[in-house]
Amino acid sequence: MENNTIPIQQQNQSSPTCENLPSLLSSFVDTFVDFSVSGLFLPQQQQTPQKALQTHFPSPDRLVAIGDLHGDLEKSKQAFRLAGLIDGSDRWSGGSATVVQIGDVLDRGGEELKILYFLEKLKREAVKSGGQLITLNGNHEIMNVEGDFRYVTEKGLEEFNVWAYWYGVGNKMKSLCHGLEQPNDPFHGIPFSFRGVPEKFYHSIRARIAALRPDGPIARRFLADNLTVLVVGESVFVHGGLLEKHVDYGLERINEEVRDWINGLMGSRAPRYCKGRNAVVWLRKFSDELAKNCDCSLLEHVLATIPGAKRMIMGHTIQEIGINGACDNRAIRIDVGMSKGCINGLPEVLEINRNSELRVLTSNPMYQNKNKSYANAERKEGLGLLIPENGPKQVEVKA
């Protein structure tokens, strides 16, 4: 009988599927782990070499800014819906809009990872529609990468515990394929116990450290490419605020160094301009709820050092009255404390059109059916529907 069997070596040479099996398996495992952790399938993304972060962007036709989210997934979605950025199935519907999330996704809530995955999904969907979602680092991202978990909730710890389980399952699956590089142990070097911490939280804290420390899987994947400072047209975005010394140091340099630190290339401690009361993610000189307490002359001087900049848009400090402006609207404060872990504030977002008209989009029922009268009211040049100096609320209402 004639033997028609093809040698295995020859099969592999003639079958691209066999050659690509390790990478296909790795992709499958990653998708499996992602779905197990987040309940989402992330759109496919082409792998490209790391390139320099872009700090300056031209003015888009529509620019939307969203404040601190702090582990509250439903409030996060409400904020995106207010601006028509997602549809009823939570898919990107913002077209070519540019959206900036000002940082502080982490801490104070129990759905931090789910929000990180949700934002990553929207980033990939937005690009396909000609839009973009840009995320910034807040002080709570910096704190968590440093291992400062003072504002972590028990539910937040459990979420990372679940991540660690599925990530470990994925690594075991990958280790069975001889064509794949053996995965690193994300827990390497992490203590097994922590002084002053109940034993029941040991593993969850180890999981959070493993995920978020410099070069940790979650930090590298979801935080490293965040910007720390951003300029879009006439607007400067930063979580806390900028001083002249930060501008002199270099906005591009700050972004690149923070990325290098999160990627594990600069030791365990955050760069000095990310630490202390005058840090770019901690500063409150321009975000005091009382506009009269803001250092307007300092702000004007800082903006003058950034070509074309007319305003600084910040989060970090909760504004109980909602999004508002100070210093003749050179300071725009957009953290409304929407997370249930903060003050459970009603979601609001800021919208800037190409002609520099600023509007506040709110879910507050107090302002329903009032947008027409406000739109026709006397207003400052370039102000649109933004409230002046903590004055009467002027908003466009979106259900």
Side-chain angles (χ1 to χ4, degrees), residues 12 15-54 57 60 64 66 69 73 76-77 80-81 84-101 105 111-136 159-160 162-184 186 211-212 215-227 259 262-263:
N12 288 343
S15 173
T17 302
C18 292
E19 294 175 1
N20 296 332
L21 185 59
S23 61
L24 291 173
L25 174 63
S26 180
S27 178
F28 167 79
V29 171
D30 289 341
T31 300
F32 166 75
V33 172
D34 286 345
F35 182 78
S36 299
V37 172
S38 69
L40 297 175
F41 289 109
L42 296 180
Q44 289 297 312
Q45 184 180 46
Q46 186 176 1
Q47 297 297 321
T48 57
Q50 179 175 290
K51 59 183 180 180
L53 293 172
Q54 184 175 346
F57 292 79
V64 178
I66 298 175
L69 302 178
L73 179 62
S76 301
K77 292 179 178 180
F80 276 85
R81 290 192 190 106
L85 298 170
I86 59 174
D87 62 19
S89 299
D90 299 333
R91 292 186 294 259
W92 176 264
S93 60
S96 60
T98 292
V99 181
V100 179
Q101 196 283 314
V105 167
E111 298 166 310
E112 302 155 282
L113 283 171
K114 286 183 173 61
I115 297 176
L116 289 175
Y117 273 97
F118 172 66
L119 295 176
E120 179 63 25
K121 180 182 80 75
L122 291 183
K123 286 181 182 181
R124 299 185 187 188
E125 291 173 347
V127 168
K128 294 180 179 180
S129 297
Q132 60 182 338
L133 167 58
I134 304 170
T135 50
L136 270 60
E159 191 183 32
F160 277 82
V162 171
W163 166 82
Y165 171 78
W166 288 112
Y167 190 80
V169 169
N171 276 354
K172 288 179 180 178
M173 294 171 68
K174 290 181 180 181
S175 68
L176 299 176
C177 182
H178 297 294
L180 285 176
E181 182 179 347
Q182 293 300 299
N184 295 324
L212 291 171
D215 199 34
I218 295 297
R220 184 175 62 249
R221 186 177 185 191
F222 295 117
L223 304 182
D225 286 337
N226 282 358
L227 297 180
R259 175 166 72 170
I262 294 175
N263 277 328

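Along the sequence shown, residues carry numbers from 1.
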When you measure from the side chain of S38 to the backbone of L40, do you find a donor-acceptor pair of N or O atoms at a distance under 3.5 Å?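 Between the backbone of L40 and the side chain of S38 there is a qualifying donor-acceptor contact (under 3.5 Å).
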
With a 4.5 Å cut-off on side-chain heavy atoms, are [Y] and [X] touching?
X	Y	value
I134	V99	no
R259	Q50	yes
L136	Q101	no
L212	L223	yes
D34	R221	yes
K121	W92	no
W163	P217	yes
L53	L227	yes

Work out which heavy atom in [X] is nearest to a heavy atom in [Y]; give both atom names and the distance.
X	Y	result
P43	K128	CB-NZ, 3.9 Å
L122	R91	CD2-C, 4.4 Å
S93	G84	OG-O, 3.1 Å
V37	L113	CG1-CD1, 4.3 Å
L42	Y117	CD2-O, 3.7 Å
A126	L133	CB-N, 4.4 Å

Apply the test side chain to side chain contact (heavy atoms under 4.5 Å, CB included) to residues D215 and I262: give CA-CA distance (whole Å), side-chain angles for both, the deciding distance (0.1 Å), then the verdict. CA-CA 6 Å; D215 199 34; I262 294 175; over 6 Å; no

Spacing of [atom1] belonging to [X] relative to [atom2] belonging to [Y], to within rounding of 0.5 Å:
X	Y	atom1	atom2	result
D87	E125	CG	CD	8.5 Å
S27	Q44	OG	CD	5.0 Å
E111	F118	CD	CZ	11.5 Å
L176	L25	CG	CG	8.5 Å
I115	L73	CD1	CG	5.5 Å

Give a yes-or-no answer on whether the side chains of S175 and Q182 include a donor-acceptor pair shorter than 3.5 Å. no

Does a donor on one side chain and an acceptor on the other come within less than 3.5 Å for K114 and S76? no

Is the number of heavy atoms from other residues, nucleotides or ligands within 6.0 Å of CD (Q45) greater than 12?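 Yes, CD of Q45 has more than 12 neighbouring heavy atoms, counting only those of other groups under 6.0 Å.
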
Between the side chains of D30 and K174, is the shortest nitrogen-to-carboxylate-oxygen separation below 4.0 Å, so that they form an ion pair? yes

For residues W166 and F32, establish whether the separation of their ring centroids is below 6.0 Å. yes

Using 30° and 60° as the class limits, which term best fits the ring planes of F41 and F35: parallel, tilted or perpendicular? parallel

